[in-house]
Amino acid sequence: MNSSLNAARRSRELAEAGDLVVDVLVVGLGATGAGAALDAASRGLSVAAIDAHDLAFGTSRWSSKMIHGGLRYLAKGQVKVAHESAVERGLLLRHTAPHLVRAQPYLLPLTPAVSGGQAATVMTGYRLGDGLRMAARTPRRLLPGPSRISAGRALSLAAPLSPSGLRGALLSWDGRLVDDARLVVALARTAASRGARILTRCRALELAGDGARVRDELTGSTFAIRARTVVNATGVWAAQLDPDIRMRPSRGTHLVLRPETLPGLRAGLHVPIPGESNRFVLVLPQPDGRVYVGLTDEPVAGPVPDVPQAPEEDVAFLLGVLNSVLGVPLGRQDVAGTYAGLRPLLAAGGRTADLSREHALLTSGSGVVTVVGGKLTTYRRMAEDAVDRVVALGRLGAGGSRTARLPLVGAGAVQEAGTVPDWLRARYGSEAGAVRALMAEDPELAEPLPTGITRAELVWAVRHEGALDVDDLLDRRTRIGLVPEDRAAALPAARAALAY
């Protein structure tokens with residue numbers, strides 16, 4: 001079946017939804033929900049997957065874009081979670097999304113604030129992390145091992161570092177996504193290619209083990225989707241559909257810096273947080289030239305907002321830690337944008353920073369299976385476990401998961417690679433040639449917008465990636481909207497793409 005998602009397909013499948021009884025209904029289309037839809041559909045089950053907003057509307061688009069091997073969990077003694085992360089990282093790099101996930105170098109600057117003993121402890125951790133890589137059978141050619149480098153080499157990779165007192169740096173490698181929201185889009189489209197009905201702007205008003213009452217948010221009409229089994233993959237909003245669930249979200253805030261703010265930054269940075277033994281602020285250069293700085297881990301009380309806001313105290317904290325290693329400190333005026341995501345943690349005692357990131361499956365009295373916790377890196381395993389559970393509960397007769405070796409849309413070889421720019425291949429993989437053909441068809445579509453995104457990519461998102469409005473285009477299919485001024489500049493092009 002065609003992998004393209006668009007308004008016409010949504011309308012057609014929405015009209016059919018009320019007449020069907022699907023094997024699996026998935027509520028929530030972040031990474032875990034889209035992954036569950038793909039897992040179930042690839043087993044031959046009939047699937048409907050709904051979201052009140054858009055693909056990757058929630059926490060999945062607010063990550064650090066890291067696909068990591070679980071080193072922090074290993075430091076906390078959470079060996080199972082650490083190994084699981086390393087395995088899933090390897091699958092993404094090698095099999096499922098090599099076009100979206102690649103290796104990223106990180107430096108931990110050895111400043112006067114980092115003692116020799118601390119440096120030795122961190123290097124031991126990096127070597128243990130490399131052991132996880134080996135245990136997960138990820139080739140070293142994909143993830144090089146850690147090393148200590150000289151101050152000169154460190155400054156060549158990260159020119160903004162202060163040279164004063166710099167003894168060198170610890171160099172490590174981990175996985176990173178080109179864009180977390182694009183991973184979710186690829187998951188949803190791959191699920192659609194296997195027959196899953198992907199229905200955005202459809203809000204679950206009531207949920208039970210045999211389906212949901214749903215409202216089309218575009219028209220206001222309500223209808224029922226009947227299902228043999230149901231997966232609640234709504235993350236931090238899970239308790240809104242099952243009041244027996246107790247969540248304790250924590251906020252992760254990031255800063256967005258313009259490309260010219262930290263010139264010469266070729267590697268990411270791990271900047272130690274004062275007073276913490278194994279927590280760092282991450283400085284993450286992006287393919288579009290911007291730099292993300294994050295992240296915090298603060299408990300959040302009260303109602304869960306649709307779009308969390310980054311408070312000024314988080315901004316000040318991140319700037320303070322970042323400036324501890326820079327030659328020229330940054331001020332608030334250098335921050336072009338911010339974003340914050342909420343981690344879907346189950347309620348427990350202690351600091352949210354210390355809570356386990358292991359995912360959990362909870363089954364309600366009516367038979368709804370809720371999957372919460374976990375990390376973006378382990379979305380596939382979370383989805384597999386959730387589908388395993390509903391297959392058993394519903395006696396659906398499906399086999400085991402097939403997603404560990406199932407390439408996502410775009411993961412194949414790029415045809416005519418010499419004619420396709422590297423930046424386009426990095427975002428679209430094997431579909432880059434088709435996006436390039438749009439530019440050739442209409443030269444106006446080749447015009448770049450802020451961050452280098454072209455008008456053709458906006459049109460592609462409308463035709464093939466399920467974008468229904470300008471917010472979908474600017475805030476999720478591209479990340480132009482992370483900087484308000486860039487968003488305003490691209491708004492006319494987004495409106496034109498919807499009408500193209």
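Below, each value reflects all heavy atoms present in this structure, side chains not excepted, and no hydrogens, waters or symmetry copies. We're numbering straight along the sequence, starting at 1.
When side chains are defined from C-beta on, Arg197 counts as touching Glu16, because their heavy atoms get closer than 4.5 Å. With a 4.5 Å cut-off on side-chain heavy atoms, Leu241 and Val368 do not count as touching. Looking only at side-chain heavy atoms (C-beta outward), Leu284 and Ser64 come within less than 4.5 Å of each other. Between Arg436 and Pro421, some side-chain heavy-atom pair lies under the 4.5 Å cut-off.
A salt bridge links Glu457 to Arg427: at least one charged side-chain nitrogen sits closer than 4.0 Å to a carboxylate oxygen. By the 4.0 Å N-to-carboxylate-O rule, Glu312 lies close enough to Arg332 to be salt-bridged with it. Note on Asp486 versus Arg290: salt bridge recorded, some NZ/NE/NH1/NH2 to OD/OE distance being below 4.0 Å. A salt bridge is absent between Arg194 and Asp39; no separation between the charged side-chain nitrogens and carboxylate oxygens falls under 4.0 Å.
Between the side chain of Arg9 and the backbone N or O of Ala192 there is at least one donor-acceptor pair closer than 3.5 Å. A donor-acceptor pair is defined here as one N or O able to donate and one able to accept, closer than 3.5 Å; no such pair exists between the side chain of Asn323 and the backbone of Gly320. Remark: the backbone N or O of Leu473 is paired with a side-chain donor or acceptor of Thr478 at under 3.5 angstrom. Formation of a donor-acceptor pair under 3.5 Å by the Arg203 side chain with backbone atoms of Glu217 is not found in this model. A donor-acceptor pair under 3.5 Å is absent between the side-chain atoms of Arg380 and the main chain of Glu88, judged by distance alone. Judged by distance alone, with hydrogens and angles left aside, the side-chain atoms of Arg102 form a donor-acceptor pair with the main-chain N or O of His99 at under 3.5 Å. Distance alone, capped at 3.5 Å, is enough to place a donor-acceptor pair between the Thr296 side chain and the Thr253 backbone. The closest donor-acceptor contact from the side chain of Thr59 to the backbone of Leu342 lies under 3.5 Å.
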CA sep, side-chain torsions, deciding dist, call: Val371, Val231, side chain to side chain contact (heavy atoms under 4.5 Å, CB included): CA-CA 7 Å; Val371 54; Val231 174; 4.3 Å; yes
Step by step, would you call Phe57 with Val307 a side chain to side chain contact (heavy atoms under 4.5 Å, CB included)? CA-CA 9 Å; Phe57 182 84; Val307 180; 3.9 Å; yes
Candidate pair Val236 and Val300, rule side chain to side chain contact (heavy atoms under 4.5 Å, CB included), full reasoning: CA-CA 11 Å; Val236 289; Val300 176; over 6 Å; no
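Asp471 pairs with exactly one of Arg487, His53, Arg477 by the side-chain hydrogen bond (donor to acceptor under 3.5 Å, both in side chains) rule, that one being Arg487. Checked against Arg201 for a side-chain hydrogen bond (donor to acceptor under 3.5 Å, both in side chains), the options Asp51, Thr219, Asp469 give a single hit: Asp469.
Atom CG in Leu55 sits 6.5 Å away from atom CG in Leu5 (nearest 0.5 Å). Interatomic distance, CG of Leu161 versus CG of Leu262, reported as 9.5 Å (0.5 Å rounding). Atom-to-atom distance recorded for Asp472:CG and Leu458:CG is 11.5 Å, nearest 0.5 angstrom. Separation of atoms CG (Leu408) and OG (Ser193) is listed at 9.5 Å; rounding is to 0.5 Å.
Remark: the Ser4 side chain and the Asn6 side chain contain no N/O donor-acceptor pair separated by less than 3.5 Å. No side-chain N or O of Arg89 forms a donor-acceptor pair with one of Thr377 less than 3.5 Å apart. Using a 3.5 Å distance cut-off with no hydrogens or angles, the side chains of Gln309 and Arg251 do not pair a donor with an acceptor. Between the side chains of Asp180 and Ser60, no donor-acceptor pair of N or O atoms lies under 3.5 Å.
In this structure, Thr261 has no side-chain hydrogen bond (donor to acceptor under 3.5 Å, both in side chains) partners at least two apart in sequence or on a different chain. Among residues two or more places apart in sequence or in another chain, the side-chain hydrogen bond (donor to acceptor under 3.5 Å, both in side chains) test is passed with Ser172 by none. Checked against ring-ring contact (aromatic ring centres under 6.0 Å, His included), Tyr339 has the following partners two or more places apart in sequence or in another chain: Trp62, His254, Tyr292.
Applying the 6.0 Å contact sphere to CD of Glu447 captures more than 12 heavy atoms from other residues, nucleotides or ligands.
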